[in-house]
Amino acid sequence: MSDSITADIIQNSVISVLIEDESGALARVVGLFSGRGYNISSLTVAQVDARQGLSRITVLTSGTPMVIQQIKAQLKRLVPVHAVSDLTQEGAFVGRELALVKIVSSGEDRTEALRIAESFRARRVDSTATSFVFELTGSPEKIDAFIELMRNLGLADVSRTGIAAIARGPEVFAPLVFHPSEETV
Amino acid sequence: MTDLAAPKADEHTKTLNPATLNGAEVLLRVLSELGVEVVFGYPGGAVLPIYDALFKQDHIRHILVRHEQAAVHAAEAYARSTGKTGVVLVTSGPGATNAVTGLVDALMDSIPLVCLSGQVPTKLIGNDAFQEADTTGITRPATKHNYLVRTPETLAPIVREAFAVAQGGRPGPVLIDLPKDITVGKAPLTPPAPTPAMKRLQKIAAQNRPAQDAIARTIEAMKTAKKPLFYTGGGIINSGPHAAELLRALARKTGFPVTSTLMGLGAFPSPDPQFLGMLGMHGAVEANMATHGCDLLIALGVRFDDRVTGRVDAFSPNSFKVHADIDPSQIDKIIPVDVRLEGDVGETLEALLAAWGETEAPDLTQWWNQIASWRSVDGFGFTQDMTPEAVIRPQYAIQRLYELVQESGRDTFVSTEVGQHQMWAAQHFQFDKPNRWLTSGGLGTMGYGLPAAVGAQVAHPDALVIDIAGEASTLMNIQELGTIAQYRLPVKIFILNNRYMGMVRQWQELLHGSRYSQSYSEALPDFVKLAESFHGTGMRARNVGELDKVIRDMLAHDGPVIADICVAEGENCYPMIPSGAAHNQMLLGPDQDSAAAGLTEEGMMLV
Ligand SMILES: Cc1ncc(C[n+]2csc(CCOP(=O)(O)OP(=O)(O)O)c2C)c(N)n1
């Protein structure tokens, strides 16, 4: 029975976790993934609400539908976790990544690199006679494409942040605004 | 269901001048306020302030164990046999690391526990100070949650929250690491108030109820099923005795057969005709065949452990599956199900009973006939040669133990170690009440049973407490004979002595050409003398003729006893589903070809 869910289709998921800013909180999330053998393609984390002491973790992961469902259930079980949302499942979302890309080249390659950077709207944040550092934001796919094009043009070093993501539209998955009524919950 | 609301400060708390308390005293006040009566522990430098505070009060009793692992197992059995939360106190560094096995054991078996560990002073954390270990780091995957107390103000709230976390939802162990400066310095005894995490837990608990439509779908399936089966587990025990009563009521009303996991034994009376026995690797033939052949499987407070499911893709292949669990992450984890019943299993049973109402029990004659034919294969059967000099078969030893315990009419708690004896105990000792069966199911920890017997006896001083043991397992926490002696705990240690790590030997026979690599116990102690050296009584049965007398003497003796029961050395535990095989591919006895039972290379991997 339940054949549909057993299908071994691997899907990508962007999962957002609102978590208490306490020591070890990130280790708990990362430990959950490594301990249970879940994949992490990228992970970003930063405080998003100083007053309530909340951080938002965005994980890009992959797995069968059953595994993704497990990841969410396991995350919800962690005591410091306030909310878990699967952006991939819950409608449209915006996902952005920042990359810093260093190119070391000269001559025609250098000019070509600069041209491509312009067409990608990458910002030049450092340049020397033989190198550039470009700053680029966009979907991970766009950054992948940029890096691919730079590969033959002196690509030397890459630093990427991993994806930060948020749902489109007015929908809010865990309101950061403090409601006095929640006091009594 | 556990009430997560913080309890009120008791009288004893109110009479104190909170301004003068140090952290250790605050800790003990809060423990009293939470109803803690017993702490199992072992002292050391980092927890001396707590031991000093313990000395100055008489509300909380401290049981001094001989090893921190044993403290945790004792607390686990205390919790399992009382329904309360077990409490452990250990020192920093080696004390905390020794506790880790127990914590994982409690995590795997969902036992509510709070472990208090000492830590070096805050200023020294991270400096490789004497007896420093990154305890929160080490225990992160070993606990449901853990805390490092960094400021005096957070001490009382963290302790209260830790108990709420340990008990709330699916229970589990929680650790609080307490730096020495926090326990030595002054700390405020803040009044009980729910913390944000406690409020969140309460909210989750309130929402965590099986959906009405899921109940309705389950009832629909129950009404139309031809071959239904209740598959019940430790979650029913965790939910409390009420859940066990509801299970009995639902089984009566529907006439459905019931099987149980190792952890669930006692939730449904084993002698009851509706009970098919334990399922899984060493489960009953009828339980496993029914699991394989049912058309409706209602899983209640179980987690589809691999020792139960065997080959996952061949598990109960033709059934409509319903799964009730308080922990949503257990549902659809191993086996995809058709209906999810998220919530406390007691509440779920209540909802099912209400929805079933006065519906007449369906006609299941055919199904019961089928079960009867499986039952006629006596998978647990054995023949005991009754001549007095005959070698005792281990199954017979447990059968006689059970029968003579029955005769004694005493309320009995049974703990076990891990190995063949554990499986034989599960097969041949019968339970008709929950909370009486204390065994390490998920982690399978040798050395569990002896300290667990300590914990159960401390909780139930007048009850009969028996550790059914193997000789190898007994030696894993043998130092606890000291604890038993110190507190005059009349624990009975019933060793099925086959001189082998029997379960290992069994696997070696099955999978490794009977090469008994390191599974023979050389240089065993004389258990009779060992008992005597720890101020107890030792007894030995060498053959069938001596068995009954030894058991009777053991039961009649009012102090601790080690009964060394010399049993057949080569006996194996059947039935057996070799790992990697399906439920209808049980090995029934030693003469059967393991290849015929579907034993595969992949199965070997799963051992
Ligand atoms: C701490 C620990 N180490 C190793 C094992 C692996 N193991 C499982 S059963 C067993 C043998 C147990 O022997 P014994 O206690 O004599 O019991 P028997 O199987 O003979 O009844 C071993 C070594 C374990 N379960 N726990």
Side-chain angles (χ1 to χ4, degrees), chain A residues 1-9 15 17-38 49 51-54 63-84 86 174 176 178-185, chain B residues 125 134 136-137 139-148 150 154 158 161-162 164-166 168-170 172 174 177 194-204 206 208 221 295-297 312-313 316-321 325-340 342:
Chain A
M1 308 241 158
S2 333
D3 297 311
S4 55
I5 196 164
T6 55
D8 278 347
I9 317 157
I15 294 174
V17 186
L18 208 58
I19 189 166
E20 208 127 314
D21 240 351
E22 55 180 40
S23 89
L26 181 60
R28 269 179 227 288
V29 171
V30 174
L32 176 73
F33 277 78
S34 60
R36 294 183 180 269
Y38 302 142
D49 182 347
R51 203 157 51 91
Q52 287 196 64
L54 292 178
T64 60
M66 222 163 119
V67 166
I68 301 290
Q69 187 183 310
Q70 269 299 307
I71 291 174
K72 289 182 272 181
Q74 296 283 356
L75 283 168
K76 278 185 196 152
R77 246 167 48 146
L78 299 179
V79 172
V81 166
H82 281 237
V84 176
D86 184 343
L176 294 179
F178 187 69
H179 292 299
S181 62
E182 289 200 348
E183 267 289 54
T184 51
V185 171
Chain B
I125 292 179
D134 173 9
T136 46
T139 60
R140 201 169 286 130
T143 51
K144 186 173 172 189
H145 192 54
N146 63 17
Y147 301 86
L148 172 62
R150 290 167 185 279
T154 54
I158 282 180
E161 185 178 296
V165 171
R170 179 183 182 193
V174 177
D177 209 21
T195 63
M198 283 155 86
K199 287 184 199 169
R200 252 192 341 270
L201 280 172
Q202 267 178 297
K203 206 163 145 187
I204 293 169
N208 199 2
D295 65 359
L296 169 63
L297 187 73
V312 168
D313 60 357
S316 195
N318 302 311
S319 61
F320 185 84
K321 297 180 183 70
D325 206 290
I326 198 163
D327 178 358
S329 77
Q330 295 310 307
I331 307 179
D332 279 338
K333 185 178 72 173
I334 312 277
I335 303 282
V337 298
D338 301 279
V339 180
R340 305 166 63 95
E342 292 176 22

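Here is how names work: the chains are called A, B, and so on, in the same order as the sequence lines, proteins then strands, and each is numbered from 1.
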Inset, instruction - Identify which of Val81(A), Leu78(A), Leu32(A), Val67(A) forms the greatest number of heavy-atom pairs closer than 4.5 Å to chain B. - result: Val81(A)
Inset, instruction - Answer yes or no: is there a donor N or O on one side and an acceptor on the other, between the side chain of Lys144(B) and the main chain of Arg170(B), under 3.5 Å? - result: yes
Inset, instruction - Measure Leu148(B) against the heavy atoms of chain A and call it side chain, backbone, both or neither at under 4.5 Å. - result: neither
Inset, instruction - Say whether, by atom type as modelled, one donor and one acceptor occur between the side chain of Lys333(B) and the main chain of Met66(A) under 3.5 angstrom. - result: no
Inset, instruction - Starting from the C-alpha separation in whole Å, work towards a yes-or-no answer on salt bridge (Lys or Arg N to Asp or Glu O under 4.0 Å) for Lys321(B) and Asp338(B). - result: CA-CA 5 Å; Lys321(B) 297 180 183 70; Asp338(B) 301 279; 5.6 Å; no
Legend entry - Which atoms of Asn146(B) approach chain A - backbone, side chain, both or neither, heavy atom under 4.5 Å: both
Legend entry - Atom pair CG (Asp49(A)) and CD (Glu20(A)), whose distance is rounded to the nearest 0.5 Å: 11.0 Å
Inset, instruction - Please state whether the side chain, the backbone, both or neither of Arg28(A) comes within less than 4.5 Å of a heavy atom of chain B. - result: both
